[in-house]
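Keep in mind the model is a prediction, meaning the values are calculated, not measured. The basis for the numbers below is simple: all heavy atoms, side chains too, and nothing from hydrogens, waters or symmetry mates. Order of the sequence lines sets the chain letters (A, B, ...), proteins ahead of strands, with each chain counted from 1.
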Amino acid sequence: MIYAVAVLVPLFGSAVAGLLGRAIGDRAAQAVTILCMIVATICGETAFIQLVWGGAPTGTVRLAEWVSAGSFHVDWALRYDTLSAVMVAMVTFVATLIHIYSIGYMGHEHKPVARFFSYLSLFSFAMLMLVTANNLLQLFFGWEGVGLMSYLLIGYWYERPSACAAAIKAFVVNRIGDLFFAVGIAMVFFLFGSVSFSTIFAAVPQHLNDTYALFGTNYRALEVICILLFIGAMGKSAQIGLHVWLPDAMEGPTPVSALIHAATMVTAGVFLMARISPILEHAPVALGVITVIGASTALFAATIGCVQNDIKRVIAYSTCSQLGYMFIAAGVGAYQVSIFHLVTHAFFKALLFLSAGSVIHAMSDEQDMRRMGGLWKKIPLTYTMMWAGSLALAGIFPFAGYYSKDAILEAAFADGSPVAIYGFVCGVLAAFLTAFYSWRLLLMTFHGRSRADHHVLEHVHESPLVMTGPLIVLAVGALIAGFSLRGLFIGADWHAFWRNSVGVAPGNHILARMEEIPAWAALAPSVLALLGIALAYIMYVAVPTLPAGIAARFAPIYRFLLNKWYFDELYDAVLVRPFFALARLLWQVGDVTIIDGVPNSIAHIAEDSAEQAVKLQTGSIAVYAFSMLIGVVLLITIFLIFR
Amino acid sequence: MIMMIAFYIFAAILLGSAALVVSARNPVHSVLFLILAFFNAAGLFLLAGAEFLAMILVIVYVGAVAVLFLFVVMMLDVNFAQLREGFQRYAPIGATVGLVLFAELAMVLGGWRVAPGITALRAAPMPAGMQNTAALGDLLYTHNILLFQLAGLVLLVAMIGAIVLTHRDRRTSRRQVIARQMARSVAETLELVAAPLGAGVAPGEFRRPKPLEEAAAPHPVAPHQGEGH
Amino acid sequence: MNGSLATPEIVLALCGMGILLFGVLRRGDGGLICSMLTIGALLLAAVLVAGGAFGLAFEGQFLVDPMSVFSKFLILAAAILGVVLSLDYNAREGIGRFEFPVLMLFATLGMMVMVSAGNMMSLYLGIELQSLSIYVLAAFARDDVRSAEAGLKYFVLGALASGLLLYGITLVYGFSGSMDFAAIRQALSDPTRVSEGLIVGVVFVIAGFAFKVAAVPFHMWTPDVYEGAPSPVTAFLGTAPKVAAMVLFLRVMVGPFGHVLMQWQALIEIVSVASMILGALAAIGQSNIKRLMAYSSIGHMGYVLIGLACGNAAGLRGALVYLVVYVFMFLGTFAVILAMRRRGQAVETIADLAGLGRNDPALAMAMAVFMFSMAGIPPLSGFFGKLYVFLAAVQSGLWTLAIIGVLTSVVGAFYYLRIVKVMYFDAAREAFDRRPASLSVVAAATGLFTTFFFIAPAPVLDAAQAAARVLFG
């Protein structure tokens, strides 16, 4: 019950703020949504605590029947197990803080912001529906809801063309992933005859050797399903190839970025992998694919992060990279570890974004780090918070990131397969780069000489308490989440904690083997992270001319990185432009002559027959009566002839 | 035997007059043939032992309905030539459709079988120990009370419909309001005029009682006065 | 005999007569008060329906089962919304007389009797009570030539259809030996007693019903009557009687004639296909929106008949769900049509809708919802209506029907979307008059139902399922 409240209350808040926002005013709308979120948080945490320590039984909360068509039955139901409860607790908590923070951040808006709060709450609700889904269809509902809300929020400042473009980009790229996801769901239904998780998972052993023939080759059906679902997850979680929307999504207000990156949306993909882990365990090829994609993303995004100048974009690429880590963990079968990282990441990424928001707020909406610097004395609290977030991101002991990121790399090393080792190497390199760009961000923003103009500098001020308060809470989380949750999530007693909510095949002992890896492998990430910090210090404080020199010396590489590996250009050249060309061709040749031609002639036929049909409609009663009689005679004749 | 002969006579006249109802040139003749048909139907009822129905048929249909028809036909100027023109126009197609239908029905009805116990039923239309009228009443008011009441409702609706569609409050129609008539005093209606001897009364000096309805409450003029249906 | 089962009908009849008396004695313009009283009476009837028990009454002539209760709710809802729609219109058009709601009440009563009929005679009387009331309603604006013509046409053709129906009933009676549904079913369970004559009777019965639901080839009256009748009457005529007639159709075909399914299935398929095709094609050329809705309703009935053609519980459920969805879409659309009024003058061509998107966004939004829903675009309710009948058709192996259904809905989408296009993209015309609150209420209620049906379709589905199951034991 509490659980259902946690999920549904944000919807109520959103409805009130969205529908009555104009009537009750901004203040009231904010109060309602935040109150609802707080209630949701309390309920969400209570449900989590009850489950983990209170010994509450797992189960489902059935809300209502949704679809019932033949053998296809779907209910609105909430799944109550550890995985969902963890996600609910995390999402409600972080989302609430972001709501509170938004009061301050959106305080300078000229337009009413009730709509903004309504969207935020609805976003949270969609994510909660997603993580508590008891079946794939409901999950898809939440999935689409999250996508829709991200579109609305990224495009919140709809007067800006760039915001609109970014919103559309996010939507379209997500849609590509969703397409595969939907096909995946269809295949699941086709194979298992149900979309309900419990039914599917129970039936997995019976379908181990089912095959799916495509283009004359047989594939194992489970592999195909997993890969399709993973492609869906790639879209949502911005993995390499489908990542292009994430940096652009920075066009939205910063709290939105924080919400997208920390608590909702991008983590949906990782969550999905954990949710379908009972299937994934039987799809080794898909797991390999996941590892490779995740590892590549981790490294690739980290390299781009090193050269970006927009403060939010740097953090955006770091999200991309961290999500890569999570997929590495999922790919080697350590789903618990990936969820662990997901949770710690939620804390420090929200912290980083909100801190960045605080900086932007202080700098009168300036986002370019090249026009910052020397701020640490003026906004010391934000500065401290940024340190905490960066330490956690870089994985420095004893911050949260240290425990979770190291666990991922340990798991990858312990797995030992070539794919996993690729993941390990990429991860370690990415750890080095992560530390480097984090401190690059810190140093460029807060240290050195100020490069901002004096108008802006005069206005620099520490943010109000509604903004710094959530920061402090998150900083505490970023500090303690690691060592306090480690024992639960990936400790020796993980079976008692997860209770079958994560499917781990009998032969999967990755968590145990993690403890047995050599010391150098365990230490490598931390050492490299420290080296990264040192390098950043050298380049941006000790020898400030060095970056420009390096950029000039390695201009091609620099440009390559600065342009994000030319992904957008590549897509433009390979997909968008040919697509437009094709579209134009289809339009001119296909559409105008053939498609229009055929339907036009069909339409002509239709219109002609319509005319004929209408022509009978003379208005004469006698004609009508005769047509009825003829109808009867015809029916009788048909019956007599064909009976 | 006599029953048989009577049956065929009644039946033959019934069919013949029914055909003449449709085909007679003069509409008044049609109605008269209709009355004849009713009489013969009543005869058939009598033969079947339903004397109450037979009487009702004569009284209601012949006495009321058919006479009403007759009035309508005689009072309304129905242009039968025009109707007939339509008849001739649609006759070929009507005949074709009718023939096909008839052929099909004839083909199908060839398979008609009489249910085993049905002759016994015909011989005893009434439950034992019950009069014809009582049996009819039992059927109507006990067994089929729902249908009876529904039929009543149908008639009520028909009545409402007739009133709604045709009744108009006309300004020219006068109502008798008895209460006002009784309450009227002499002074309201009569005026004594002293007419000088030999001069008579000049025009305009006569006063007539005002029309009551108009004086009291002028009726709104119906928007499309005179556009009948 | 258990007459208390008919309490809703009896109470409604008494209320109707009471309101009639009240209206007559009141002398003067009692249209509004009588409408209100009628709404109250219909609500009371709905409450009584909800509280009633199941069973047979009046020697099997009257029955109450989940199916009749389901359809009575739908009929009463449609009737109430119909009366609400008429409030403003009648006052403005000068036809706000008290007989109007009373006739609607009696028509509703007739429909309730229809869906509760357990005997051919009660069936026929229910139909007549309903039809006669509606003939009068269609001609209610008697000074308008089109209305009078509509009433007359409907009356004459309706009489013909009644004749066909009666002829069919007598044939069935003659060959099966009974008027009672259960007894007919019992008689037909013996294949040797199924003769050709009986099936011909069934064909005549089908013709009678097809006229009432306006299925091809017995649809000819529809466009003229829909266009000519006063708009609230059309809204009512297009919904409640259709529900009643269709439910009766379903009940009679799978009940008494259930054992001869193989004989009539093909005929229903033909009627269904012809209706879908005509509904899709003939609507294209229409410029009058009421006429367009007439063809649209013909098409919709074709889809419902797919459910009947399946002849199983799934098909019936699909048909019932479709009816629910259809009723609300149709009433909503008419709420919008009734709001089409410029300078006090009702306008009804599609071109008059131009610019509605700018002049009255809320109304345009509602109309767009109804049009998209009628076109069957997810996640609006119309999609689910089609989904369930098509699913049933596919499960029963009636691929042809499903395919034609999909094709005709594509064609149909063309003219529905054209309306949306006109509203939003055509050069704006003068704005409509302020719409009265009653229309806004109906449009909003039906619009919300249509939009959010997908969230909680379960109550409707369950009720339809229960209703459909009754007929299959």
Side-chain angles (χ1 to χ4, degrees), chain B residues 86 94 97-98 100-118 121 138-169 175 177 217 219-229, chain C residues 1 3 6 9-10 13 16-17 20 24 57-59 61-62 94-95 97-100 102-103 106-107 109-110 113 117 119 121-122 124-126 128-137 139-140 142-145 148 151-152 155 167 171 174-177 193 195-201 203:
Chain B
V97 172
V100 173
L101 192 60
F102 183 77
E104 283 175 349
L105 285 177
M107 198 164 87
V108 162
L109 297 185
W112 181 280
R113 286 181 297 118
V114 177
I118 210 80
L121 198 65
D138 186 46
L139 204 61
L140 272 185
Y141 304 121
T142 306
H143 293 294
N144 291 330
I145 179 70
L146 176 78
L147 306 178
F148 185 75
Q149 294 293 341
L150 281 174
L153 282 176
V154 171
L155 291 178
L156 174 67
V157 167
M159 203 164 79
I160 301 174
I163 295 172
V164 163
L165 294 183
T166 56
H167 177 75
R168 285 174 198 277
D169 265 346
R175 281 208 190 87
V177 186
H219 268 273
V221 181
H224 297 275
Q225 193 69 41
E227 250 182 50
H229 285 268
Chain C
M1 184 164 129
E9 284 77 7
I10 294 170
M17 290 186 264
L20 187 64
V24 173
F58 298 109
E59 306 185 358
Q61 291 166 353
F62 189 89
I95 54 171
R97 287 187 292 163
F98 71 89
E99 289 97 339
F100 190 93
V102 171
L103 285 170
F106 280 121
L109 178 63
V113 172
N119 183 302
M121 289 189 285
S122 45
Y124 179 71
L125 281 167
E128 280 309 297
L129 183 55
Q130 176 259 114
S131 311
L132 201 55
S133 310
I134 292 183
Y135 301 147
V136 180
L137 283 173
F140 207 83
R142 58 186 184 183
D143 296 320
D144 177 0
V145 180
L152 184 68
F155 174 67
Y167 192 65
L171 279 177
F175 280 96
S176 70
R193 295 197 51 187
S195 62
E196 286 177 340
L198 181 117
I199 305 296
V200 170
V203 176

Between B:L153, B:V154, B:L146, B:I163, who has the most heavy-atom pairs with chain C when the cutoff is under 4.5 Å?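 Between B:L153, B:V154, B:L146, B:I163, the count favours B:L146.
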From OH (C:Y167) to CG (B:L101), nearest 0.5 Å: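 The distance works out to 7.0 Å.
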Shortest non-hydrogen contact from B:V157 to C:S133?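 Nearest pair, atom of B:V157 first, then C:S133: CG1-OG, 3.5 Å.
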List the residues meeting salt bridge (charged side-chain N to carboxylate O under 4.0 Å, His left out) with C:E9, not counting sequence neighbours, and say none if there are none.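 Partners of C:E9 under the salt bridge (charged side-chain N to carboxylate O under 4.0 Å, His left out) test: C:K72.
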Could you list all the side chain to side chain donor-acceptor pair (under 3.5 Å) pairs where at least one residue sits in residues 144-153 of chain B, not counting sequence neighbours?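 Every pair satisfying side chain to side chain donor-acceptor pair (under 3.5 Å) with a residue in residues 144-153 of chain B: B:N144-C:Q61.
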Could you check if a side-chain atom of [X] sits within less than 4.5 angstrom of a side-chain atom of [Y], using non-hydrogen atoms only?
| X | Y | result |
| --- | --- | --- |
| C:V136 | B:I160 | no |
| C:F62 | B:L150 | no |
| C:R97 | B:V164 | yes |

Identify which part of [X] has an atom lying under 4.5 Å from any heavy atom of chain B, answering side chain, backbone, both or neither.
| X | value |
| --- | --- |
| C:I10 | neither |
| C:A139 | both |
| C:L152 | neither |
| C:L103 | side chain |
| C:L198 | neither |

Side chain / backbone / both / neither for B:L156 at chain C, heavy atoms under 4.5 Å: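 Side chain only.
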